[in-house]
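Comments concern the structure below.
Just so we're clear, the structure is a prediction, and the values are computed from it rather than from any experiment.
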Amino acid sequence: MSPDRAADPTAAVTGSVTPRLPVPAAAVAAGTAGLAGVTAAFLLLSADGCVSVLATLGTTCAWLPGGAWPLTELLLPLVLGLALFVSVFMAVVATAVRRLPCRRGRHGGTAVTVRAAPGRR
């Protein structure tokens, strides 16, 4: 998942479960998730080759932040700009969906208690 895509599900979940001020809380959570993703991408590319399983471009271990910085400069405005706006929109939608009244079943919404058979859990 790319860093700019991590903010959208974070905002949707935060907006749907936060009882008070869900949209600002979702914006903060989405921004934090996006910045964490950009930071992780920068660190992974800067230290490429140091962890053999995660080596994508390099085969030797060296700290090379100059190679990862152009990607960071490209992703940062997207994460803090467009992705944050989309995340706030998703938080508003999630909050609206959460506040919709629940539809009851055909039987008028009566609750049915289901008990386990004797000897079973």
Quiz prompt | Evaluation steps, side chain to side chain contact (heavy atoms under 4.5 Å, CB included), between Leu84 and Val79 | solution = CA-CA 6 Å; Leu84 196 57; Val79 169; over 6 Å; no

Quiz prompt | CE-OG distance between Met90 and Ser16, expressed to the nearest 0.5 angstrom | solution = 10.0 Å

Self-check item: Side-chain heavy atoms of Pro65 within contact of Trp63, under 4.5 Å
Solution: yes

Quiz prompt | Spacing of CG belonging to Leu43 relative to SG belonging to Cys50, to within rounding of 0.5 Å | solution = 11.0 Å

Self-check item: Distance-minimising heavy-atom pair for Ala94 and Ala12
Solution: CB-O, 3.3 Å

Quiz item: Of the non-hydrogen atoms in Ala26 and Gly15, which two are nearest, and what is the gap between them?
Solution: CB-N, 3.9 Å

Quiz prompt | Flag side-chain contact, heavy atom, 4.5 Å: Leu76 against Leu35 | solution = yes

Quiz prompt | Atom pair CG (Leu75) and CZ (Phe42), whose distance is rounded to the nearest 0.5 Å | solution = 12.0 Å

Quiz item: Can you list the steps and then say if Val38 with Leu80 is a side chain to side chain contact (heavy atoms under 4.5 Å, CB included)?
Solution: CA-CA 10 Å; Val38 170; Leu80 294 180; over 6 Å; no

Quiz item: Do Val93 and Val17 belong to the same hydrophobic cluster, where Ile, Leu, Val, Met, Phe, Trp and Tyr are linked whenever their side-chain heavy atoms lie under 4.5 Å apart, directly or via other members?
Solution: no

Quiz prompt | Residue pair Val88 / Ala27: nearest heavy atoms and the distance that separates them | solution = CG2-CB, 3.8 Å

Quiz item: Rounded to the nearest 0.5 Å, how far does OG1 of Thr18 lie from CZ of Arg98?
Solution: 7.5 Å

Quiz item: If you round to the nearest 0.5 Å, how far is OG1 of Thr39 from CG of Leu44?
Solution: 12.5 Å

Quiz prompt | Nearest non-hydrogen partners of Ala33 and Thr10, listed with the distance | solution = CB-OG1, 3.7 Å

Exercise. Might you work through the side chain to side chain contact (heavy atoms under 4.5 Å, CB included) test for Thr14 and Val28, ending with a clear yes or no?
Key: CA-CA 10 Å; Thr14 305; Val28 169; over 6 Å; no

